[in-house]
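Beneath this line is the structure, given in structure tokens, with notes to follow.
Please read these numbers as outputs of a predicted model, since none were measured by experiment. So that the names make sense, note that chain A is the first sequence line, chain B the second, and so on, each numbered from 1.
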Amino acid sequence: MEDSALEELLQILEKSESQVFREHILKNLLGLTGTKDGLNCLLKASEKCVSVLCQLLQEEKESLRENALKCLINLTSEEPFSQCIVKVKDIPIIDQLFQWIIQKDKHADLSCRIISNITHWKSCCEQVLPYLQKERLRLEHLVEVLCDVDRHSDYHYVASVLCNLTQLPVVQEMIMDRNRCLLQQLLPFTTYMDSSIRRAGIVGVLRNCCFDTDCHEWLLGDSVDILPHLLLPLAGPEQFPDDEMEKLPIDLQYLSEDKKREPEPDIRKMLIEAITQLCATKYGRTFLRDKQTYIIMRELHKWEKSYPVLFACENLVDILIGDDPEPGMENLKNVEIPSDLTEKFEKEDQQLLSTE
Amino acid sequence: MAEGNSPMTEEDRHRLVQDMDKDLDNYLKNMKPKKYADGWSEDNWEQEMQEHPAFRTEPLDETRELPPWIEALQQLKYDSEENTAEELALNYKDDGNENFRLKKYHWAIKSYTEGLKQRCSNTELNAQLLTNRAAANFHIGNYRSSFNDTEAALKLKPNHMKLSERGPVLLEVGRFKDCVVWCDKGLKLEPGNQTLLELRKKASNEQKVAERNKRKAALEEKEKLKVDEKLIKAIQERGIKLFTKFGSTKTCSVETLSFLQPVHPAAASSKVHQDENGALLWPVLFLYPEYGESDFIEAFHEDSRFADHLEVMFGSSDVHPPWDVEKKYLPSDIEIYFEDIKKSTHCKVDTSHTLRQVLSDPRYYVTAGNPTFLLIVRNSSFHKKFIQSELSE
């Protein structure tokens, strides 16, 4: 499409008096945003495009708003468009999207997907942060919306939003507020079989939180008791001898013979990575060993087919069954690794993963 | 009354006064000395003070009848002609609160119940009555009632969070999940509330334990079924038949499995089972009819011979059972019989046979869960009588 033609199209969309005409053009635009070529073409007028669509969200007409939202979902899957949308000045668009989610508006699900797309980009994530902090309880409301599963909308993408946002340490801190039980409310969803989007989002949040070594004792302690929620999706139907069984976290004891593991390899990998993070301190390693994490990993390893998951699993097992490091090096994250070794390990990892 | 009569003279008057004085003297003279009983004496003033609403220092005793003065005052306060339903409900609530404060929970509950009975239209007040009654019920351990009250209060006021007993009561009645949800709701309004944080911890832990126990029980049940099925198969394969207490004969199946539960009290915990190789271990009863004695073998391996057992039990020439006064029960002299139920006769067992061989005998039926055998000394007088009675049948 010619630049001038695109310009014209957006102008009509912005200014035309004819609703029918605008709707027709919007539908075409939606089709355009659905393809890689279309997105490339729109890139030249990204700012204008986003701005026009944001204006359309203020329209009375339901179908206009809905299609504009769908266009924005497609657009925000590319970083430049996401950067445009967080920079929109004249309309408080991010605020509006958050409002729609929290008020469980009929556009809530579409709004979730846009926010989820935008926050996927770390550069945009930080721009969204002020809107999260604007109202004291906004994060709490998001958790509330997500946990209220009886509603007609599904809100699964709220989990993705939370996952993206918790990349930021400040949001990690917010969700791990000791005076509230936000993280705790998310825990049961690691085994929520109705939506892999939701599971992936929640497991992502947990993994992000596990990166904060200072919180490990709290996470593992009985205020949160995170370990069973990370292990349960990885556990299969295997039965263990009673002495081993009794040492497992209560949630993993006596699982039924038709117990299924997490079906998505990516989520399994994230779960293992989260547990591996918890191995960073001596406290964590001792805790994980006492809770028989090893036997769950051992059985998973026998069953696992996906190479990246096997790899993650082996890394974790190496730490679990390895000798503990010398005094002074107990916090694995503080151990300095010479750069030549880092390079060597990375190369080895690459080789291992490519031999699949 | 004097009107129409001639006026009273001075003399008449004097006489009348004298008569009246005399009457009074007589009346007093005839009156029995009687003590004034209604006043407060040294003995009862303390009690009287306590029963008087103005002087009472002690709280009312829940278990005893109300003093009359207090009852009268209460009637004034609670008369439905003097008060509207809402006023009454409010009065009862105040009473309830007062009793609650004094830890008289039973009375408090009664007051709140009376208040609710007024069915006043003030939802707020009714919710308060329910909330407070829930609290009182909680304090005396009526968790179920307390729970019901909190439910009712929530129905009246869905966002009513002043129900401080709701959380603990949910824990007490085992609704752990609801308890966690309740705590989350509370923490939203009051972040950092230590009681709620602790309660949530407790409830989620209890829930985990409850779910684990449920899973464990389900697995055990399944395991038991498997064991049962294997046992039934083993018994069927050996052609062993059962004689049920209703007098019919059956092959072993899931339905008749209960007949394998030994009736003999000593054998109750030794039901037939299998060892790791699948061999059956039976609870076996040896009867010694001559002395009315018995021996119970908890786990008779089906492949061991009767002779082996006799050797262990009677093989030593030094040790004899105390009832064997003649010391005649020797392995070589003992004969073993089982009952042929169908023919009501006894069949002799070859002691070199194993239990499996005997139980598979077409004439043999397992009765009451434990195979039973008669042990008799060959050629003893009892043996002769026994043979005779067998022949005469």
Query raised in the report: Considering all heavy atoms of both residues, which atom of B:Leu187 and which atom of A:Asn179 are nearest to each other, and what is their separation?
Result: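 Smallest heavy-atom distance, with atoms named: CD2-O, 3.8 Å.
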Requested in this report: Identify the two heavy atoms, one from B:Leu219 and one from A:Leu255, that lie closest to each other, and give their separation to 0.1 Å.
Outcome: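 In this case the closest contact between B:Leu219 and A:Leu255 is CD1-O, 3.7 Å.
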Requested in this report: Take atom NZ of A:Lys259 as the centre, draw a 6.0 Å sphere, and report whether it contains more than 12 heavy atoms from other residues, nucleotides or ligands.
Outcome: yes
Query raised in the report: Does a sphere of radius 6.0 Å around CD in B:Glu298 hold more than 12 heavy atoms from other residues, nucleotides or ligands, not counting ones at 6.0 Å or beyond?
Result: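 No, because the 6.0 Å sphere around CD of B:Glu298 holds 12 heavy atoms or fewer from other groups.
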Query raised in the report: Would you say B:Lys188 and A:Arg180 make side-chain contact, with heavy atoms under 4.5 Å?
Result: no
Query raised in the report: Counting a contact as any heavy-atom pair under 4.5 Å apart, which residues of residues 182-190 of chain A contact chain B?
Result: A:Gln184, A:Gln185
**Report entry** B:Glu211: side-chain contact (heavy atoms from CB on, under 4.5 Å) partners, not counting sequence neighbours
**Finding:** B:Gln207, B:Arg215
Query raised in the report: Can you name the residues that form a side-chain contact (heavy atoms from CB on, under 4.5 Å) with A:Pro169, not counting sequence neighbours?
Result: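 Result, side-chain contact (heavy atoms from CB on, under 4.5 Å) vs A:Pro169: none returned.
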**Report entry** Under-4.0 Å salt bridge between B:Lys222 and A:Glu257
**Finding:** yes
Query - Note: B:Lys208-A:Asp225 ion pair, threshold 4.0 Å (strictly below) - result: yes
Query raised in the report: With respect to chain A, which residue among B:Gly192, B:Ala218, B:Cys183 yields the maximal number of heavy-atom pairs within a distance under 4.5 Å?
Result: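 Among B:Gly192, B:Ala218, B:Cys183, the one with the most close pairs to chain A is B:Gly192.
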Show me the donor-acceptor pairs within less than 3.5 Å that the side chains of residues 139-146 of chain B make with the rest of the protein, sequence neighbours left out.
unit_1: B:Asn142; atom_1: ND2; unit_2: B:Asn137; atom_2: OD1; d: 3.2
unit_1: B:Ser146; atom_1: OG; unit_2: B:Ala134; atom_2: O; d: 2.8

